[in-house]
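Inspection log for the structure reproduced underneath, given as structure tokens.
Within every chain, numbering begins at 1; the chains are lettered A, B, ... in the order of the sequence lines, protein sequences first and strands thereafter.
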Amino acid sequence: MAFGKGCHLHLIDGSAFIFRAFHALPPLTRKSDGLPIGAVAGFCNMIFKYVEDNKGPDAPTHVAVIFDKGSHTFRNDLYDLYKANREDMPEDLRPQIPLTREATRAFNIACIEKEGYEADDIIATLTVQARDAGGRVTIISSDKDLMQLVGGGVEMLDAMKNKRIGVEEVAEKFGVGPDRVVDVQALAGDSVDNIPGAPGIGIKTAALLINEYGDLDSLLARAEEVKQPKRRQTLIEKADQIRLSRQLVQLDAQTPLDFTLDALEVQEPDPDALLGFLGQMEFRTLSKRVAENLGVAPPAIPDTNPAGANPSAEPDAPENLPFVPEGYECVRDAAALGLWIERANARGWVAVDTETTSLDEMRADLVGISLSVEPGQACYIPLGHRDGSDDLFGSDNLAEGQMPLNAALDLLKPLLEDPAVMKIGQNMKYDAKIFARYGIQVAPIDDTMLMSYALNSGLHGHGMDALSERYLDHVPIPIKSLLGSGKSAITFDRVPIGDAVKYAAEDADITLRLSQLFKPQLHQRRVTTVYETLERPLVPVLAEMEMAGIKVDRDTLSRMSNAFAQKMAGLEAEIHDLAGQSFNVGSPKQLGEILFDKMGLEGGKKGKTGAYATGADVLEDLAAEGHDLPARVLDWRQLSKLKSTYTDALQDHINPETGRVHTSYIQSGANTGRLASTDPNLQNIPVRSEEGRRIREAFVAETGKVIVSLDYSQIELRILAHVAGIDELKQAFREGQDIHALTASEMFDVPLDEMTPDIRRQAKAINFGVIYGISGFGLARNLRIPRGEAQGFIDRYFERFPGIREYMDDTVKFAKEHGFVETLFGRKIHTPEINAKGPGAGFARRAAINAPIQGTAADVIRRAMIRMPRATCGLPAKMLLQVHDELLFEVEAGAVDDTIAVVRKVMEGAAMPAVKLDVPLTVDAGQGANWAEAH
DNA sequence: GACATCACG
DNA sequence: GACGTACGTGATGTCC
């Protein structure tokens, strides 16, 4: 039937269906093989319901489901931050996308998508075609962006609420008719799609303006006439941004399509095709209902229930199945490997572990790979073992019976890169980096270490040995038993293949069992979102940063080391002179004896060891009393620290191949969600002392590039103001006031213009103290004031900001009740000691107060980092380092300003859309030839 | 390997 | 009323 008058076209917003189905349903998996299938199930149910609901006299004559395809559209060319706030697609959803297309076709409904075009534009195109042909259109969607299409025989239907959206409903929502919806949206902007709009103008105001001036162009042309000064200024200054916003929200009805409306005619489904698909998906209930409807027999679905699908209920659940090292297979040829690859493909997942010659991924060579697809069954593929025959040449020959490395990798690459097969690892970042060095980009990945972290942060560590013992009641073969320890330790390529099989295959086996144990728990314990949005997508980002490394200038460090050595020698002589004897200045024990026994200064023993305390605070007090020796020791210690930890050690970390220093981030290291940096730690490079700060001059940009640093300003205090709901602090942050000065003014009744640096300093210490779970003792020690006075400050602070005390009490109460506290993004940090008696409870109490604040800040910067690759993809900029509230980039000189603009925008908007903070997040930026200049 | 010390946010 | 106390990390050197 040719489309024309009397025809009725239904256009279904397929992507909206999918996301609604995915988020509404628990993460179902297909019973036979564990393929995630929840979104497909929800999608099919929604389509089925739609078909049933649209059979009456007003049934459509034509119908199509439209999907988005590709993430880059003309809107990204117009505005590189378009939809930059969007979270990446959850890994569990990705393999389901093609299945939703199949489902649509199984229902015999036209399935439409076009690379590089948004579904909304295709819907607009079809709508206009149908309307022009004289037909009616119903758009099944509740997306406000489609409301501009309503009118003239076009209406929308919110399928969830079963609510019609006509011209009236659009007017109700936007305050203008459908033809002016675009104008209102252009002014109001949209935080979800990251449409900038006119700052300070929302839908209400936008409608008011449009109704007064007729349309957007007239409004902008006559902006001078707007009475309210702020609005007028915005409209004049932001006119370009508003016009850009309009381009972004305006749907494009010119999508080139290679079919006509006639092709969308409603057709009965083919029972075989539809039931075949539903049977293949193993949807029992839906198959039955559909079969009844079609008057045919439902498909038979075998009731398979393999080990692992429902672990705890099964007798051979992974935590109960015994470990049998002799059962592990050694894969020595392509045929055997092919079988394992087939099994992995059939399953849709595979646990992977690599064995290498070093813990430093940048230098490690691949020695072997282990795989596991079923609990208890695993293989090891030896690739780089040496034969161990101790000849004169160091036995560098490859051992017999190994596949050539390249042949094995060629076979494995398609599997490891297959988007439909989940690669499961323990600390997958390590293995992914190894594979990356051999040209394999492993994806998608799951990580048992990160699952444990999301589930159990604060309860225990997340290393494999600990997890295996705790959850599988199995002690893995210690690596030391193969490699030995200390000076005589060997590398893994020297381990006999027979021993390596038992060790390595066991690791893959354990990993698979742990993932089958943890995966369902993520949802049960409400941390799926944390795992999916804050943990899993961060892995490739960190891997990239670590592989990029940062250039460090050896000569600068070397010169500084020499200078430090000279100064230290001078100081040492002086110290020995003052002491009247020679001793090891680096030994706190000897120093204590000199100071307190020999010289008889005031001071006391401390700690279980009975040694004198000689910490910086003690020495500073002594120095303040006029003693020279402790003052010299303080200087010596500072230099010693800078030399040994930084100027000396950093040189050893320069990778000879890249000339750069490659740190490793531990994603599950800090209980709060912060990262930790090791080998070397680049999160504690000196900055507070002038002398130390100069070490940052050695962290340089390549020729023609610039180091750019962006850091959040006062992010933890801002988060405190938000979570504790302190109006005065929120207001101060909104107005960009000096928060410490304001606190001082409130507490000490000093007007802001009479503020002294010392009063401000005290207020600053109190502000930080609050974040740490303040105590009179701690504040007294920090400010070096009597304890009573410090307590007085705290009392006054709580009097002034009662909301803070309430927040602290509530947080502790929550922790005592639940055993954990939460960040704004749902990260759980467990506090097992909170109900204990003794000093442990005090620590736990303060940690509980601090964790949501520190953790929320950590979550925010993680979100920014995860979005960064996509936001900066067109820019010649590399993200190199994260230092808790700072991100460091290396940028081509010409692109510095653009990069700062994009990165700042991403960082400042990183909490959105999941959390709308009551305070703005602001970011300071710096740039220069090295880190010292950029900071 | 425990402990003290000190670098960072 | 006494008890110990700022929160979160990692690297280094000494000493047992």
So, is [X] close to the [N] phosphate, meaning a side-chain N or O under 4.0 Å from OP1 or OP2?
{"X": "A/R781", "N": "C/dA6", "value": "yes"}
{"X": "A/R674", "N": "B/dG9", "value": "no"}
{"X": "A/Q683", "N": "C/dG8", "value": "no"}
{"X": "A/S677", "N": "C/dT9", "value": "no"}
{"X": "A/N584", "N": "C/dT14", "value": "yes"}
{"X": "A/T672", "N": "C/dT9", "value": "no"}

[atom1]-based separation of [M] from [N] [nearest Å]:
{"N": "B/dC8", "M": "C/dG4", "atom1": "P", "result": "31 Å"}
{"N": "B/dC3", "M": "C/dT5", "atom1": "P", "result": "14 Å"}
{"N": "B/dA4", "M": "C/dA6", "atom1": "P", "result": "13 Å"}

Using a 4.0 Å heavy-atom cut-off across all strands, classify [X] as base, sugar-phosphate, or nothing.
{"X": "A/S640", "value": "nothing"}
{"X": "A/G615", "value": "sugar-phosphate"}
{"X": "A/A851", "value": "nothing"}
{"X": "A/I774", "value": "base"}
{"X": "A/D711", "value": "nothing"}
{"X": "A/A616", "value": "sugar-phosphate"}
{"X": "A/I666", "value": "sugar-phosphate"}
{"X": "A/Q590", "value": "sugar-phosphate"}
{"X": "A/N684", "value": "base"}
{"X": "A/A765", "value": "base"}
{"X": "A/D885", "value": "sugar-phosphate"}

Notebook entry, point to check: Counting a pair only when it is Watson-Crick or G-U and both distances are under 3.5 Å, which runs of at least 3 such pairs involve DNA chain C?
Noted result: B:1-9 with C:7-15
Next item on the list: Tell whether A/S775 reaches the base of C/dT5 with its side chain through a donor-acceptor pair below 3.5 angstrom.
Entry: yes
Write down the distance between [atom1] ([X]) and [atom2] ([N]), rounded to a whole number of angstrom.
{"X": "A/I685", "N": "C/dT9", "atom1": "CD1", "atom2": "C1'", "value": "14 Å"}
{"X": "A/R688", "N": "B/dC6", "atom1": "CZ", "atom2": "P", "value": "13 Å"}
{"X": "A/I849", "N": "C/dT5", "atom1": "CD1", "atom2": "C1'", "value": "12 Å"}
{"X": "A/K589", "N": "B/dA2", "atom1": "NZ", "atom2": "P", "value": "19 Å"}
{"X": "A/I804", "N": "C/dA6", "atom1": "CD1", "atom2": "P", "value": "21 Å"}
{"X": "A/K641", "N": "C/dT12", "atom1": "NZ", "atom2": "P", "value": "9 Å"}
{"X": "A/Q638", "N": "B/dT5", "atom1": "CD", "atom2": "P", "value": "17 Å"}
{"X": "A/I861", "N": "B/dG9", "atom1": "CD1", "atom2": "P", "value": "12 Å"}

Consider the side chain of [X], meaning its heavy atoms from C-beta on, and name the nucleotide among [options] that approaches it most closely.
{"X": "A/Y772", "options": "C/dG8, B/dC6, C/dA6", "value": "C/dA6"}
{"X": "A/S587", "options": "C/dT9, C/dC7, C/dC15", "value": "C/dC15"}
{"X": "A/D679", "options": "C/dA11, B/dC8, C/dT12", "value": "C/dA11"}
{"X": "A/A676", "options": "C/dA11, B/dC8, C/dG10", "value": "C/dG10"}
{"X": "A/S644", "options": "B/dC8, B/dA7, C/dG13", "value": "C/dG13"}
{"X": "A/A670", "options": "B/dT5, C/dT9, B/dC8", "value": "C/dT9"}

Check: When rounded to the nearest 0.5 angstrom, what distance separates CH2 in A/W636 from NZ in A/K643?
Finding: 10.0 Å
Check: Between A/T556 and A/E697, do the side chains contain an N or O donor and an N or O acceptor separated by less than 3.5 Å?
Finding: no
Next item on the list: For A/Q566 and A/N562, test the side chains for any donor-to-acceptor distance below 3.5 angstrom and give the result as yes or no.
Entry: no
Do NZ/NE/NH1/NH2 and the carboxylate oxygens of [X] and [Y] come within less than 4.0 Å?
{"X": "A/D635", "Y": "A/K567", "result": "no"}
{"X": "A/E546", "Y": "A/K433", "result": "yes"}
{"X": "A/R363", "Y": "A/D360", "result": "yes"}
{"X": "A/K878", "Y": "A/E890", "result": "no"}

Checklist line | Option from A/H462, A/R674, A/E535, A/K429 for which side-chain hydrogen bond (donor to acceptor under 3.5 Å, both in side chains) with A/Q667 holds | finding: A/E535
Note to self: Name the residue from A/R718, A/Q714, A/R904 that meets the side-chain hydrogen bond (donor to acceptor under 3.5 Å, both in side chains) definition with A/T922.
What the structure shows: A/R718
Check: Just by distance, do the side chain of A/T658 and the backbone of A/R660 share a donor-acceptor pair under 3.5 Å?
Finding: yes
Check: Okay, side chain of A/R862, backbone of A/L538: is any donor-acceptor separation there less than 3.5 Å?
Finding: no
Next item on the list: Could you list all the side chain to side chain donor-acceptor pair (under 3.5 Å) pairs where at least one residue sits in residues 833-851 of chain A, not counting sequence neighbours?
Entry: A/N850-A/Q854
Check: Should the pair A/W931 and A/F699 be assigned to parallel (<30°), tilted (30 to 60°) or perpendicular (>60°) ring geometry?
Finding: perpendicular
Short heteroatom pairs, N/O only, protein and nucleotides 2-4 of chain C, under 3.5 Å:
residue	atom	partner	partner atom	Å
C/dG4	O6	A/R787	NH2	3.3

